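When a ligand or atom number is given, it counts from 1 through the structure's own listing order. Please read these numbers as outputs of a predicted model, since none were measured by experiment.
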Amino acid sequence: MENVVIVGSGPAGYTAAIYLARAELKPLIIAGNLPGGLLTQTTEVENFPAFPEGIQGFDLMENMRQQAEKFGARLQFGEVKSFELSPAKEKTLVLADGSKIGARALVLAMGARPRSLGAPGEEELKNKGVSYCATCDGAFFKQVPVMVIGGGDSALEEALFLCHFASEVHLVHRRDQFRGSKIMSDRVLANDKIKVHWDSVLAEVHDPAQDKVTAATLRNVKSGQTSRLDCAAVFIAVGHLPNTESLQGQLPLENGYIVLPDGGSSKTTIPGVFAAGDCADSTYRQAVTAAGMGCRAAIDAERYLQLA
Ligand code: NAP
């Protein structure tokens with residue numbers, strides 16, 4: 001049986017691993033289906049402390065992995081499909097390949113994934129011009145018009161990033177004010193390549209019959225009017241959903257987020273099971289807050305194991 005298994009390899013998981021490994025508990029990390037987490041798909045991270053010049057998201061996560069492994073954390077590729085959780089000493093994880101792992105303590109740090117909109121054409125054209133990651137796919141669309149949906153920091157960041165490649169960026173937001181930070185909003189509004197479509201939503205992506213994105217129809221939510229814009233790609237950046245389906249029926253969830261009844265700690269409702277990062281945080285969702293939560297979960301797990 002493992003001492004402690006960490007599920008997820010984003011900032012929360014790796015930070016928990018660094019602390020638990022330094023406590024000589026030899027944690028096992030189950031990497032999940034995107035090793036390193038969502039930050040590996042980001043470009044420049046400018047707000048993680050200690051990097052005054054910024055750092056690439058991929059490099060930041062590689063650094064965290066190396067730091068965790070240096071102290072003895074072990075990384076196993078794979079995804080947890082379900083859990084058998086009870087207050088009993090052993091918690092069981094069932095992996096996608098059917099194998100099982102027993103652990104005395106768990107740190108749940110599975111993160112969250114991009115939300116889709118369900119617009120006609122969106123699903124059919126996924127990876128054929130519809131994308132949830134400008135960093136991954138933006139360079140495929142050079143000197144052509146593209147569209148970004150959303151008004152948060154992710155959408156603003158993606159719109160700015162896409163200006164390096166696209167001839168024009170249509171930024172579509174359902175309200176008349178961005179949700180994202182002022183500094184990012186100002187950068188977007190000052191950029192001549194970005195055309196903002198306020199009060200508008202994505203009504204349809206064209207053209208599944210051609211097996212590629214050729215245009216998108218927008219609907220103005222105030223006037224009801226629709227308009228069709230030519231574009232070669234639609235980047236959807238409308239927030240995230242926590243990766244907690246595997247916990248259904250095992251732990252209380254609220255809108256999919258793991259409930260931490262004692263807000264001041266990482267303890268879930270089951271002794272020995274701790275949670276950290278975006279799967280348990282619908283409010284802050286920053287790399288640095290996820291890392292802080294990972295530290296908290298590691299300290300809570302270490303104390304639990306000392307007393308158990
Ligand atoms: P977010 O802040 O939750 O923003 C989601 C955006 O999508 C909002 O503008 C929202 O509109 C819109 N939206 C949601 N559902 C929609 C729907 N069904 N149809 C149309 N629009 C929809 O998510 P995020 O941008 O991914 O950011 C998440 C967190 O990460 C935030 O705390 C953000 O600050 C942070 N972040 C930071 C950076 C950075 O600092 N460099 C970069 C990326 C993300 P409404 O505004 O109307 O709700």
Chemist: Is any NZ, NE, NH1 or NH2 atom of the basic residue among E245 and R113 found under 4.0 Å from an Asp or Glu carboxylate oxygen of the other?
Modeler: yes
Chemist: I want to check something: taking the side chain as every heavy atom from C-beta on, are V169 and M147 in contact at a cut-off of under 4.5 Å?
Modeler: no
Chemist: For atom 1 (P) of ligand 1, what is the nearest protein heavy atom, given as residue, atom name and distance?
Modeler: R179 CD, 4.0 Å
Chemist: How far is atom 25 (O) of ligand 1 from its nearest protein heavy atom, and which residue and atom is that?
Modeler: S154 N, 3.0 Å
Chemist: So which protein heavy atom does atom 47 (O) of ligand 1 come closest to, and at what separation?
Modeler: R175 NE, 2.7 Å
Chemist: Heavy-atom distance to atom 9 (O) of ligand 1: which of G151, G150, S181, A237 wins?
Modeler: G151
Chemist: Would you mind listing every ring pair (Phe, Tyr, Trp, His ring centres under 6.0 Å) that reaches into residues 13-68, with sequence neighbours excluded?
Modeler: none
Chemist: Would you say the side-chain atoms of T15 pair up with the backbone N or O of P11, donor to acceptor, closer than 3.5 Å?
Modeler: yes
Chemist: Against heavy atoms of G239, which atoms of ligand 1 measure under 4.0 Å?
Modeler: 5 (C), 23 (O), 26 (O)
Chemist: Go through it in stages, so that I can follow the logic: the residues are H170 and H197, the test is ring pair (Phe, Tyr, Trp, His ring centres under 6.0 Å), and I'd like the CA-CA distance, side-chain angles, deciding distance and then a yes or no.
Modeler: CA-CA 7 Å; H170 296 285; H197 302 265; 5.0 Å; yes
Chemist: Could you check whether any side-chain N or O of Q250 sits under 3.5 Å from a backbone N or O of L85, counting only pairs where one atom can act as donor and the other as acceptor?
Modeler: yes
Chemist: Where is the nearest protein heavy atom to atom 42 (C) of ligand 1: which residue, which atom, and how far?
Modeler: E157 OE2, 3.5 Å
Chemist: At less than 4.0 angstrom from any non-hydrogen atom of H240, what atoms of ligand 1 do you find?
Modeler: 26 (O)
Chemist: Return the closest protein heavy atom for atom 32 (O) of ligand 1 as residue, atom name and distance.
Modeler: Q286 NE2, 3.1 Å
Chemist: Just need the protein heavy atom nearest to atom 20 (C) of ligand 1, so name the residue and atom and give the distance.
Modeler: R174 CD, 3.6 Å
Chemist: Could you check atom 34 (O) of ligand 1 against the protein and tell me its nearest heavy-atom contact, residue, atom and distance included?
Modeler: D153 OD2, 2.6 Å
Chemist: In the protein, which heavy atom is nearest to atom 7 (O) of ligand 1, and how far is it?
Modeler: V238 CA, 3.2 Å
Chemist: Inspect the contact between E204 and R219 and indicate whether a charged nitrogen and a carboxylate oxygen are less than 4.0 angstrom apart.
Modeler: no
Chemist: Can you tell whether the side chains of D278 and R285 come within less than 4.0 Å, N to carboxylate O?
Modeler: no
Chemist: Charged N to carboxylate O under 4.0 angstrom, D211 versus K128?
Modeler: yes
Chemist: Give the atom numbers and elements of ligand 1 that come within less than 4.0 Å of a heavy atom of N47.
Modeler: 39 (C), 40 (O)
Chemist: Please confirm whether H173 comes under 4.0 Å of ligand 1, counting heavy atoms of the residue only.
Modeler: yes
Chemist: Report the relative orientation of the aromatic rings in F178 and W198; use parallel for angles under 30°, tilted for 30 to 60°, perpendicular for over 60°.
Modeler: tilted
Chemist: For R285, take its heavy atoms, then give the atoms of ligand 1 lying under 4.0 Å from any of them.
Modeler: 3 (O), 30 (O)
Chemist: N/O to N/O below 3.5 Å, does that happen between L117 and ligand 1?
Modeler: no
Chemist: Which atoms from ligand 1 have a heavy atom of Y284 less than 4.0 Å away?
Modeler: 32 (O)
Chemist: Pairs in or reaching into residues 288-305: which pass salt bridge (charged side-chain N to carboxylate O under 4.0 Å, His left out), with residues at least two apart or in two chains?
Modeler: none
Chemist: For ligand 1, find out whether one of its N or O atoms is nearer than 3.5 Å to an N or O atom of A155.
Modeler: no
